[in-house]
Every structure is written in C-alpha cells, then in structure tokens.
Amino acid sequence: MCWAFWNLKDANANGMGDKKKKAQMFIRLVSAAGTGFFYVKRKPRQLTEKLEFRKYDPRVNRHVLFTEAKMK
C-alpha cells in the first residue's frame, strides 16, 4: 500500500476532504413559444426568484420570453 493512498483515505474518513457547495448553479431557460429551444445560464444560489429573459428563439425567428426550468 502506498503512503499517499493511505493518507487520502484517512483524510476522507475524518471529513477533511468534504467539498463546499458551489456559489452558482446552472439553470435552463426554456422558450415560452413551445419550440423546445433553451439556453443554459449560471445563477447565484442566493437568488431565489425564478429568472425570466426576453431572448431570441431561432425556431420562430423572433424574441420570446424564456423562463427558468430545472436542469435534467
């Protein structure tokens, strides 16, 4: 057994290797036109309200409302 492997194993057992949550998360912005087109954006975790943007949907060739949905 290698010393470095044993050291990593011991650190994880003590909880020292725990990762903190990221400050931002990825969300999907889904077109309200119903085309299935979506954008992916980063959103800070402190922001609790749902995001809405008016962006371009190439499937209908116009700007439409895009609302936040969960990533799958």
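By convention here, the first residue in the shown sequence is residue 1. From a predicted model like this one, the values you see are computed outputs, not experimental measurements.
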Any Tyr56 side-chain heavy atom under 4.5 Å of Tyr39 side chain: yes

Axial cation check for Phe26 ring with Lys43, 6.0 Å and 45° limits: no

Derivation of the side-chain contact (heavy atoms from CB on, under 4.5 Å) call for Val60 and Thr35: CA-CA 8 Å; Val60 291; Thr35 59; 3.6 Å; yes

Shortest non-hydrogen contact between Phe53 and Leu29, atoms and distance: CD1-CD1, 3.5 Å

Pairwise side-chain contact, Glu52 with Leu65, heavy-atom cut-off 4.5 Å (strictly under): yes

Within-4.5 Å side-chain heavy-atom neighbours: Leu51 and Phe66: no

Verdict with reasoning, Thr48 to Gln46, per side-chain contact (heavy atoms from CB on, under 4.5 Å): CA-CA 6 Å; Thr48 56; Gln46 297 106 357; over 6 Å; no

Lys NZ or Arg CZ of Arg59 over Phe37 ring: under 6.0 Å, within 45°: no

Ionic contact status for Glu68 with Lys41, cut-off 4.0 Å: no

Side chain Arg45, main chain Met25, donor-acceptor under 3.5 Å: no

Point-to-point distance, once rounded to the nearest 0.5 Å, from CD of Gln24 to CZ of Arg42: 4.5 Å

